[in-house]
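Step one of this worksheet: look at the structure below.
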Amino acid sequence: MKPNSLSGIKEELDFLKRTRLEFEKAIQFIDAKVKPVESGLVKLLEQPFRQLTVRFPVHRDNGSIELFTGYRVQHSRLYEPTKGGIRYHPDVDLDLITALAFDMTLKCLIVDLPYGGSKGGVCCDPKKMSRSELDRLTRRYTYEIMPMLGPDSDVPAPDIGTDEREMGIIYDTYRMFSPQTPYASAVVTGKPLNLGGSPNRREATAQGGIYVLEEAVKQKHIEGLTSLKNAAVVILGFGNVGFNVAEILHKDFGSRILGICDSKGGVYSEGGMIPHEVLAYKNASAEQSVVGYNGLQHLDVKQLLTSPCDILVPAAKETQVVGELANEIKAKVVLELANGCTTNLAHEILINKDLYVLPDVLANAGGVTVSYFEWLQNKAGESWESNQVKERLQKKITTAYRNVAEIARNRDLDMRRAAFIFAISKAIDVISERGIFP
Ligand code: NAD
């Protein structure tokens, strides 16, 4: 669907407000064109059912005590357990975590996982903390949110600033306090393999996004892009998701990785870059950044976002693709692997330019999908082969893409609106089938 005019669209820079705006538009559409929506249901679906804020002390290595603030938000109990990552970042606050928990609810509905959405995080700068300080922070934060956690109540996973190491510590801390819980390793996903982690979890978000992209190319939904081979790619963010998307696209599809950036800046090379070499450079550099790789010129995020490419992959943080840049974006498709990366105004500008946008709630659902597989393996005491995980992931993600694309086609909508409508219609059905307690 193309708006006739962009005048009158107010850019919303707040992720939570933006999510609620898109939610309200989807509700209006369902109410007018699909089935009437009871007004009480709207609030029930929109508001988180539980929000916990904790303040806790951690000893720094120099002996001082620092107070940290952490959160855990459970958005919906359409299904239980709830599921969602844990973020360590200076921008973490209650609204951000609430928005991310809302997105998790939508994602699980879109890929058909029996989970409600949740999210957690601590306001801290992990880059300025030592390994042992981070370990103490993780143990204490886990203890503080323990009343919510459990394999059948709420299950965390990695997000920005956390990885397998934190997930292993969360599991160990939970286990110490719950020695009788059966299948306790299912309390957290994204664990190291030795602790019950799943093959392919680390690259799952990137892999899932690539399955979405592949299907869109196969179905000829992206104007001017008929193959991933030789496709020019620019990636914002070079952490877990950003590196893996670069690596898989380069290695498995022969795409050309022209631009990469992280929080310190970026680099662009018309000849393309080899992702694992860029990663080795970043890991060895004093700044832990891609800046300076191969003597390439330093670019800022704005320059990188607007560099020539076929596929633009935001894989860093929220609200980076904004209206003032959207007009200058030259890609054919935006694969949103970062949550909440595009503002409402930027989105309208992009689709008005006939650029295909694969929305975050669909494009980055591969992570929670393989987390679900890990949880199933832990509960069944099984360990699946890598190929089995990849095949099941591809099936889930491709089905989700087709379901959303069908709504977009039949109703003449963009993929973000279609994804929200798909998820919220299903949520309404689940509530009516479960009923309201008591
Ligand atoms: P990460 O911490 O491993 O990496 C984040 C990357 O973004 C780093 O390279 C960092 O330098 C970069 N970055 C941070 N601020 C930036 C800025 N202002 N400009 C440019 N780059 C910046 O995190 P991740 O796990 O790769 O997550 C990236 C995104 O993917 C997030 O939006 C996250 O919510 C989303 N996501 C992650 C998962 C997962 O399984 N890890 C699942 C679903 C969605």
Side-chain angles (χ1 to χ4, degrees), residues 15 83-92 96-97 99-104 106-108 110-111 117 119-121 124-127 134 156-167 188-191 197-198 200-209 212 234-247 259-267 275 278-279 282-283 285 287-291 298-305 313-322 325 335-342 359-372 374 393 397:
F15 180 18
K83 186 91 191 68
I86 290 185
R87 180 175 293 197
Y88 289 175
H89 194 274
D91 290 347
V92 163
L96 175 61
I97 298 299
L100 289 163
F102 198 154
D103 263 22
M104 285 302 296
L106 300 169
K107 248 177 255 186
C108 293
I110 290 166
V111 278
K119 202 81 183 190
C124 65
D125 189 347
K127 288 183 186 149
L134 278 170
D159 191 69
I160 293 179
T162 60
D163 60 21
E164 287 98 338
R165 178 156 176 140
E166 280 74 31
M167 302 307 117
V188 58
T189 58
K191 301 179 293 291
S198 175
N200 301 83
R201 173 60 186 88
R202 181 164 251 266
E203 60 272 36
T205 305
Q207 182 70 70
V212 168
V234 165
I235 302 170
L236 208 60
F238 202 57
N240 174 9
V241 178
F243 165 70
N244 280 300
V245 81
E247 181 74 358
I260 293 176
C261 86
D262 55 38
S263 58
K264 310 261 169 36
V267 283
V278 184
L279 183 68
K282 178 189 165 183
N283 289 341
S285 80
E287 290 283 307
Q288 294 283 291
S289 170
V290 301
V291 172
H298 180 162
L299 300 182
D300 63 22
V301 171
K302 179 180 171 186
Q303 289 169 309
L304 208 85
L305 266 170
V313 189
K317 57 192 290 265
E318 57 287 343
T319 319
Q320 288 197 299
V321 183
V322 293
L325 299 180
L335 178 67
E336 293 186 346
L337 296 186
N339 287 302
C341 50
T342 309
D360 53 356
V361 286
L362 169 68
N364 72 25
V368 67
T369 304
V370 175
S371 274
Y372 170 61
E374 180 174 332
L393 174 64
I397 294 288

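Hydrogens, waters and symmetry mates play no part in the numbers below; they use all other heavy atoms, side chains included. We count ligands from 1, going down the list as the structure has it; atoms in each ligand are counted the same way. On a predicted model such as this, the values are computed, not experimentally measured, just so you know. Just so you know, residue 1 is the first one in the sequence shown, and it goes up from there.
Of all the heavy atoms of Gln320, the ones lying under 4.0 Å from any atom of ligand 1 belong exclusively to the side chain. In Val301, the part holding a heavy atom less than 4.0 Å from any atom of ligand 1 is the side chain. Neither the backbone nor the side chain of Gln288 has a heavy atom within less than 4.0 Å of ligand 1. At a heavy-atom cutoff of 4.0 Å, ligand 1 is contacted by no atom of Leu236, backbone or side chain. Counting heavy atoms under 4.0 Å from ligand 1, residue Asn339 touches it through both backbone and side chain. With a 4.0 Å cut-off on non-hydrogen atoms, Arg87 touches ligand 1 through its side chain and not its backbone. Looking at Ser289 against ligand 1, nothing comes within 4.0 Å, counting heavy atoms.
Once rounded to the nearest 0.5 Å, the distance linking CG of Asn339 with CZ of Phe102 reads 13.5 Å. Between atom NE2 of residue His89 and atom NZ of residue Lys127 there is a gap of 6.5 Å, rounded to the nearest 0.5 Å. Here Ser285 contributes atom OG and Asn283 contributes atom CG; the two are 8.0 Å apart, rounded to the nearest 0.5 Å. Here the NZ-NZ distance, from Lys83 to Lys119, works out to 9.0 Å after rounding to the nearest 0.5 Å. A distance of 15.5 Å separates CG of Asp300 from NZ of Lys264, quoted to the nearest 0.5 Å.
Across Gly242, Ser263, Gly366, heavy-atom proximity to atom 10 (C) of ligand 1 is greatest for Ser263.
No donor-acceptor pair under 3.5 Å is formed between the side chain of Lys107 and the backbone N or O of Val368. One N or O on the side chain of Lys282 and one on the backbone of Phe238 form a donor-acceptor pair closer than 3.5 Å. Counting only distance, with no hydrogens or angles, the side chain of Asn244 and the backbone of Ala204 share no donor-acceptor pair below 3.5 Å. Between the Glu336 side chain and the Asn364 main chain, no donor and acceptor come within less than 3.5 Å of each other.
Nearest protein heavy-atom neighbour of atom 37 (C) of ligand 1: Val241 CG2, 3.6 Å. Given atom 40 (O) of ligand 1, the protein heavy atom at minimum distance is Thr205 OG1, 2.9 Å. For atom 28 (C) of ligand 1, the closest non-hydrogen atom on the protein side is Ala315 O, 3.3 Å. Summary of contacts: the protein heavy atom closest to atom 27 (O) of ligand 1 is Ile160 CG1, 3.6 Å. In this structure, atom 21 (N) of ligand 1 lies nearest to the protein heavy atom Asp262 C, 3.2 Å. Ranking the protein heavy atoms by distance from atom 35 (C) of ligand 1 puts Leu337 O, 3.5 Å first. Ranking protein heavy atoms by distance to atom 8 (C) of ligand 1, first place goes to Gly239 N, 3.8 Å. For atom 31 (C) of ligand 1, the closest heavy atom belonging to the protein is Ala316 O, 3.2 Å.
For a threshold of 3.5 Å applied to N or O pairs, the pair formed by Leu100 and ligand 1 contains no separation below that value. The shortest N/O to N/O separation between Gly367 and ligand 1 does not fall below 3.5 Å. The shortest N or O to N or O distance between His89 and ligand 1 is not below 3.5 Å. Backbone and side-chain nitrogen or oxygen atoms of Gly161 are examined, and one is located within less than 3.5 angstrom of a nitrogen or oxygen of ligand 1. Between Arg201 and ligand 1, an N or O atom pair is found at a separation short of 3.5 Å.
Atom numbering of ligand 1 starts at 1 in the shown order; those under 4.0 Å from a heavy atom of Asn240 are 3 (O), 25 (O), 26 (O), 41 (N). Less than 4.0 angstrom separates some heavy atom of Ala338 from each of these atoms of ligand 1: 29 (C), 30 (O), 32 (O). In the vicinity of Lys317, heavy-atom distances shorter than 4.0 Å reach the ligand 1 atoms 15 (N), 16 (C), 18 (N).
For Arg87, the side chain to side chain donor-acceptor pair (under 3.5 Å) test picks out Asp159, Glu318, with sequence neighbours left out.
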side-chain contact (heavy atoms from CB on, under 4.5 Å) between Ser198 and Thr189: does it pass, once the steps are laid out?
CA-CA 8 Å; Ser198 175; Thr189 58; over 6 Å; no
How far apart are the C-alpha atoms of Phe15 and Asp103, what are their side-chain angles, what is the distance that settles it, and do they pass the side-chain contact (heavy atoms from CB on, under 4.5 Å) test?
CA-CA 10 Å; Phe15 180 18; Asp103 263 22; 3.6 Å; yes
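Summarising the geometry of His298 relative to Gly265, their closest heavy-atom pair is NE2-CA, 3.6 Å, with the distance given to 0.1 Å.
Residues Ser289 and Asp262 bring a donor and an acceptor atom of their side chains to less than 3.5 Å of each other.
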